[in-house]
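One structure below.
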2 protein chains.
Amino acid sequence: MKIPPVKGTRDFYPPEMAVRNWMIDGWKKVSVRNGFEEYDGPIFEYLKMFQIKSGDEIVEQLFSLQDRGGRDLAIRPEITPTLARMVNQQINSLPRPIKWFSVPRLCRAERPQKGRLREFFQWNIDIIGVDSSVADAELIFTTIDYLRMVGLTPKDIQIRISSRKLLAAVLLSVGISEDDLDVLYALLDKKTKLPAETFEQMLLEKVGEQAKADEISSFMAVASIDEIGQAVTMDSDIERAVVELETVFASLAVMGVAEYCVFDPSIVRGLAYYTGIVFEVHGATGELRAIAGGGRYDNLLRDFGGPAISATGMGMGDCVLELLLREKGLLDSQLGKRRLDYFVTFADKLFGGTMYEVAAELRSRGYSANFSYKLGGLSKQLKEASAQNAAKCIIIGQEFAESNQLAIKDMTTGEQELVDYGAFLSGLEPRDT
Amino acid sequence: MKIPPVKGTRDFYPPEMAVRNWMIDGWKKVSVRNGFEEYDGPIFEYLKMFQIKSGDEIVEQLFSLQDRGGRDLAIRPEITPTLARMVNQQINSLPRPIKWFSVPRLCRAERPQKGRLREFFQWNIDIIGVDSSVADAELIFTTIDYLRMVGLTPKDIQIRISSRKLLAAVLLSVGISEDDLDVLYALLDKKTKLPAETFEQMLLEKVGEQAKADEISSFMAVASIDEIGQAVTMDSDIERAVVELETVFASLAVMGVAEYCVFDPSIVRGLAYYTGIVFEVHGATGELRAIAGGGRYDNLLRDFGGPAISATGMGMGDCVLELLLREKGLLDSQLGKRRLDYFVTFADKLFGGTMYEVAAELRSRGYSANFSYKLGGLSKQLKEASAQNAAKCIIIGQEFAESNQLAIKDMTTGEQELVDYGAFLSGLEPRDT
């Protein structure tokens, strides 16, 4: 009976697994050096957890299931609700600030397409309990720290930064009512994905008056923070939001990553829970979907039944990133090839048992070792060693019976030397075991 | 709105995550040094994948779901069917032998209890394409290589080894028909879990005759391979199976792990797909469930629509292992504490910007660094550094403005020295970034 894999999922054979491990190891390394600690939650939660704040698109794409007690569950489509739940559960005992990262496996019942699969991995970093915009800057720095480490330059990627606070202030100053903000965010978030005319028409329908629509459009088209004053009538809320944005850009300059960052008022973010600085990472050519996105969500913990504690976070999926890295030729060049420390062979079948013994000794001392199962001639065994990219071969032959000596062959130079077995073992550099 | 986690799942706060990472890193390290390569599959597969060969207990415990097209899926309760599917899909291009490992997240809708959760991680190692029993010995060695590495001795754990081939030969020689074998395996697997009388009674019901039941019971009670001949009437099939078992034990002796291993004919394994050597790892006190189990399954690839290729595998879950390691005091002692390379502080608010700059420089050079968000006095910042277990503190003060110098404080010795900022940066040992 032959059963295929489910569409939109991936099989990670060793070569694909090496890519995934390389990417995730990089995310972990950069998280740790930026002072984040790792957490994770369960792969499924109660369905309603994801219906509170995740936004319509995500709710539509939930993989829901029932347990045997008939309770409604869902495979997690994002980890932020779990983070909010976990932090709320231990809010009184967790040392603050909470700087946490995670690399969850997530599932969304999407139509599989380029850069979008039904199962993927997402790097998440979050800082909870810090009001200061330096936390937002730090998240953006950490994001860039990774992207720069894997070789992406300001020519390849751009961090587009805006502020929900600024957008809200502008919309309110234009005369939009507080209650209409969420609906308008959802529309404005689609600006770059819709034809210009369609967008203008939908915007006019939503706001009612051409003058309002024009002022919003003119704000959305602003090219730098300095130009905001020309596009909208400044008030104190807008002023405060502008100062905060300027502070973030100043921090990013101090952190040495200014050249990756631009102000872009068209960045809104689809999710409903953002409240302040928002940002997205895009390839410079703009052909692919966003590589990463994030922002401040100061009300989310409260929405999940906890106290009002400020928070800011970033998420980066593996699919679009992999496409971009492949496009730039940055993937294969950085992937380490599989390498075996030793391949153990025998020159005579008499020494088959010794071969297992030597391999076991090497392995338990922390060295990777293999041997052939085929019990063939030495040249065939050496061929298998090459195929497995072994650095050295150990050859057990007559000298072992006579004087307990092994031949060690360097597979790069082809040089071979005889060593005493005991001296060889005790001479092995200690490995972390 | 406060929503709890689902019963039987775990939240991995940083301390729990550190345990999980330590365990999984150990599994990965031992797999690699024993010559295995990592793979993984999707978290869900078509439901029917798990209905073919997984055994009734697992089928009953499936978390099943439907995608939006109404297709029946299930979260994976084990990874072996996925392994069979993946190997079959690329059978003609994969270099052999296939020595693969994986650390899948698995879900089973069990009643949560000690050592059994509804979501867990399982180390899997498999060797595909090797008929020789040295592959079985190697799997057992690799299993012990890990358990020994984390400090478990033959006083703590025992590998109990038997053979389905031997059991089948014994049952056939007693007069059980081929068709009844699977049902009998399921019963015999429960021997140690049932009261002796209940087992004897159920066995008699299944086999019909007291003499048959007695011979089976007498075989199941054999204490060493040598005694098999006294318990059952030997024939050539039994003889062959005994020789194979003896060969496995001889290989394990050569590999230096004999003292962990015993022959135990009561090891049957619940899963339907085993065909040869089978084994389980148990704590010496026998109070906990099996820590690991595995065996040869030569027909599984064929059952999944592929060619008849031999295979042998092992699975070890994280839950029982963690209980055992805690019981033995082996967990906390081996867990590395979180350590921060640098905590960057300022002696004057004037240098707040420099603090971010220095932290960013350290991070992008591969060193973990944090700073305080509170903008408080130096002593408060140093306290935060201690709380985060920082190895060194960098203090930015007047000397920085005057002569570009930083004070570096060793948090263990308390010693402090002034260094030139540029010289400090260029003097940092290169880290893998």
Side-chain angles (χ1 to χ4, degrees), chain A residues 1-3 5-6 9-14 17 32-35 37-46 48-49 52 63 65 67-68 73 85-86 95 97 105 107 109 119 130 132 134-135 141 145 149 251 254-256 304-305 338 353 356-357 360 363-364 366-370 373 387 433, chain B residues 1-3 5-6 9-14 17 32-35 37-46 48-49 52 63 65 67-68 73 85-86 95 97 105 107 109 119 130 132 134-135 141 145 149 251 254-256 304-305 338 353 356-357 360 363-364 366-370 373 387 433:
Chain A
M1 176 154 202
K2 221 160 196 157
I3 299 172
V6 180
T9 66
R10 284 172 289 181
D11 289 335
F12 294 89
Y13 288 87
M17 194 70 204
V32 168
R33 76 191 193 196
N34 279 273
E37 293 185 278
E38 192 171 1
Y39 75 98
D40 191 15
I43 190 80
F44 53 74
E45 298 265 7
Y46 283 111
K48 57 189 172 191
M49 273 259 306
I52 298 178
F63 277 108
L65 59 150
D67 71 1
R68 293 205 281 182
L73 313 176
R85 176 178 65 65
M86 285 174 61
R105 183 191 279 265
C107 295
E119 182 188 38
V130 180
S132 160
V134 74
F141 171 80
D145 193 24
M149 183 182 80
S251 298
V254 158
M255 292 173 183
F304 278 90
R338 183 202 185 192
Y356 304 143
E357 179 194 321
R363 290 167 173 181
S364 58
Y367 288 81
S368 60
N370 259 343
Y373 298 97
T433 55
Chain B
M1 176 153 207
K2 222 161 193 156
I3 299 171
V6 179
T9 65
R10 283 173 290 181
D11 289 335
F12 294 89
Y13 288 87
M17 193 71 204
V32 168
R33 77 191 192 195
N34 279 272
E37 293 185 280
E38 191 171 2
Y39 75 98
D40 190 15
I43 190 80
F44 53 73
E45 298 266 7
Y46 283 110
K48 57 189 171 189
M49 273 260 306
I52 298 178
F63 277 109
L65 60 151
D67 71 2
R68 294 205 282 181
L73 313 175
R85 176 178 65 67
M86 285 174 60
R105 183 192 277 266
C107 294
E119 182 189 39
V130 180
S132 160
V134 74
F141 171 81
D145 193 25
M149 183 182 80
S251 298
V254 159
M255 293 173 182
F304 277 90
R338 184 202 185 192
Y356 305 142
E357 180 194 321
R363 290 166 172 181
S364 57
Y367 288 81
S368 60
N370 259 342
Y373 299 97
T433 55

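Lettering of chains follows the sequences in order, A, B, ..., and the numbering in each one begins at 1. Heavy atoms only: backbone and side chains are in, while hydrogens, waters and symmetry mates are out.
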Next on the checklist: Would the distance check show the side chain of B/Tyr13 and the main-chain N or O of A/Met86 forming a donor-acceptor pair, the cut-off being under 3.5 Å?
Outcome noted: yes

Checklist entry - Looking at B/Arg10, B/Glu119, B/Met255, which has the largest count of heavy-atom pairs under 4.5 Å with chain A? => result B/Glu119

Next on the checklist: Treating B/Arg338 as the side-chain partner and A/Glu37 as the backbone partner, does any N or O pair qualify as donor plus acceptor under 3.5 Å?
Outcome noted: no

Item to check | Between CZ on residue B/Arg33 and OG on residue A/Ser364, distance to nearest 0.5 Å | outcome: 6.5 Å

Checklist entry - So, A/Arg363 side chain and B/Asp145 main chain: donor-acceptor pair closer than 3.5 Å or not? => result no

Checklist entry - Which heavy atom of A/Gly41 sits nearest a heavy atom of B/Asp11, and at what distance? => result CA-OD1, 4.4 Å

Item to check | chain A contacts, top residue of B/Pro97, B/Ala369, B/Pro5 (heavy-atom pairs, under 4.5 Å) | outcome: B/Pro5

Checklist entry - Less than 4.5 Å apart, any side-chain heavy atom of A/Ser368 and any of B/Asn34? => result no

Next on the checklist: What I'd like to find out is whether the side chain of B/Glu45 reaches to under 4.5 Å of the side chain of A/Ile3, using heavy atoms alone.
Outcome noted: no

Checklist entry - For B/Asp67, is it the side chain, the backbone, both, or neither that has a heavy atom closer than 4.5 Å to a heavy atom of chain A? => result both

Checklist entry - Do the side chains of B/Cys107 and A/Ile43 get nearer than 4.5 Å, heavy atoms only? => result yes

Checklist entry - Do A/Tyr373 and B/Ser132 have side-chain heavy atoms sitting under 4.5 Å apart? => result no

Item to check | Options B/Pro42, B/Ala135, B/Gly353, B/Pro95, ranked by heavy-atom pairs under 4.5 Å with chain A, top entry | outcome: B/Pro42

Checklist entry - Are A/Phe141 and B/Tyr356 close enough that some pair of their side-chain heavy atoms sits under 4.5 Å apart? => result no

Checklist entry - Which bit of B/Val130 is near chain A, if near means a heavy-atom gap under 4.5 Å: side chain, backbone, both or neither? => result side chain

Checklist outcome for this item: Here the pair of heavy atoms bringing A/Val6 nearest to B/Phe44 is CG1-CE1, 3.9 Å

